[in-house]
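Scroll down for the structure; my scribbles are underneath it.
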Protein chains: 2
Amino acid sequence: MGTNFERYRVKAGTKVDLGKEPTRGDDAYGGDKDAGYARLDALRDEIAELQDRLYAEEKHKVLIVLQAMDTAGKDSTIRDVFKETNPQGVRVASFGRPTDEELAHDYLWRVHKYTPAAGHIRVFNRSHYEDVLVVRVNELVPEDRWKRRYGHIRDFERLLVDEGTTIRKFFLHISKDEQRERLQERLDIKEKHWKFESGDLRVRERWDDYMAAYADAIKETSTVDAPWYIIPSDRRWYRKLAVAEIVLETLKDLDPKYPDPPDNLHHIAIPD
Amino acid sequence: MGTNFERYRVKAGTKVDLGKEPTRGDDAYGGDKDAGYARLDALRDEIAELQDRLYAEEKHKVLIVLQAMDTAGKDSTIRDVFKETNPQGVRVASFGRPTDEELAHDYLWRVHKYTPAAGHIRVFNRSHYEDVLVVRVNELVPEDRWKRRYGHIRDFERLLVDEGTTIRKFFLHISKDEQRERLQERLDIKEKHWKFESGDLRVRERWDDYMAAYADAIKETSTVDAPWYIIPSDRRWYRKLAVAEIVLETLKDLDPKYPDPPDNLHHIAIPD
């Protein structure tokens, strides 16, 4: 049996203590991984079907934000939730270190460009939240400046919502122990070497600072219309399943429909 | 003698009645047009000098917004205030009818792209304000939707200001009689024929609706850090002079400075 993944939604105004939020989920399908993956297969098809309608309808805009510590599985979540969809209507925007031109503008400038058009799903692999996460932890701007950003971000997402965007934000929550194992795998397994970056270890050293920054960011910006979900992510199948279920529910609520054909379609004869 | 153009600034929270705001200014240089133009010449050089420093310093971002009814002189104001500046650091963005791609996004999407980078002056010839002006008058979106936009716009400009942008907004205010004369000129003078568009007459028919829309937009969005100025614009020289004086004061307040050279510059020998 499934489970109620909506309980991972952070209600607006709630205090967030990530130390108390589960990182390991196994309460779906009696913890049976194979059953979970079977369900994920079915979810993918349903998501793809609804995405096709969404694209045809050209009415709703959908923005999915993924944030997480390294190794938590942002990339594989994107792949495994959206791989049956049409890439023409589903695009991923990855936000790494900003370019000089991006730094010369406000921090939402580069992000706004990539917000979805009507009919599209856009997935943010990292996002404007880095500007209150890594920027805060590494003190790249003064505190009074990053603190004002919570308000900017709420306002920005409010604009998007008011103008027709549906927003869901996911924090893929792993434990520090689980991260150690995954980083070790990247050192041990030849095919995973390419994923290893020594910079990840410096980020890991600041684990507690990042948890504090995430907790504040989630608390300050989880709103009724642009909610955060804290997804237990130590188990891969559970994390993907949870995100897929929530994405599917989101699309179902939008109830996208193929547009009506013009009335006279059956009168049209295709010329030889 | 000059005059205090700061009095055209709309204080935050003030009610705006455009019927009571002057469209004809002549209280500078005793109304002497030639003296006004001589001063404008000097202002242009000062503006260009400060713009060069601003560009070199790469610190401040400056956004100038121009809005007006047709024929009020947006284009010639831009030309005559900025023509001595370096086009590399001063760019104009003109916002006409949105493209399909622009319409598929929120209305600030196309505008945000063109906000200035550090060291740059960006002039908006029309702007996001059209989304509470022409959009309102022609009922292109429902009232509850355009009414929410005042808040979006305040939030958006607040973001820009918090992240280092200086904003000045100008409404070039002409009388309906003056517009009639100028439209007639476009019909009468061969070299001005190209400027005439019959659509301008349809806009003129809705004059009072536009005045009401402008009054609300200015009242709702004139803030301490992103103020509107209502510039009497029936007299061309006075309008250009007023904008140039305010732009110059704005740049002076930023006090841009050429960056210090590296200490050891005088030790450097250029190789043959």
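By convention in this document, chain letters (A, B, ...) are assigned in the order of the sequence lines, proteins followed by strands, and residues within each chain are numbered from 1. Bear in mind the structure is a predicted one, so any value in this text is a computation, not a measurement.
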Can you tell which part of [X] gets under 4.5 Å to a heavy atom of chain B, answering side chain, backbone, both or neither?
X	answer
Leu160(A)	side chain
Leu103(A)	neither
Lys61(A)	side chain
His105(A)	both
Arg154(A)	neither

Between Arg110(A), Arg145(A), Glu102(A), which residue shows the highest count of heavy-atom pairs closer than 4.5 Å to chain B? Arg145(A)
If you count heavy-atom pairs within less than 4.5 Å of chain B, which of Asp106(A), Val141(A), Thr165(A) leads?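 Ranked by contacts with chain B, first place is Asp106(A).
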Side chain [X], main chain [Y], donor-acceptor under 3.5 Å:
X	Y	answer
Tyr129(A)	Tyr214(A)	no
Ser222(A)	Val10(A)	yes
Arg168(A)	Thr250(A)	no

Is a salt bridge present between [X] and [Y], judged by a nitrogen-to-oxygen distance below 4.0 Å?
X	Y	answer
Asp70(A)	Arg126(A)	yes
Glu143(A)	Lys147(A)	yes
Asp75(A)	Arg79(A)	no
Arg148(A)	Glu163(B)	no

Answer key: most heavy-atom pairs under 4.5 Å with chain A among His112(B), Lys113(B), His152(B) is His112(B)
Which of Ala118(B), Gly164(B), Gly119(B), Ala104(B) touches chain A most, by non-hydrogen pairs under 4.5 Å: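 Ranked by contacts with chain A, first place is Ala104(B).
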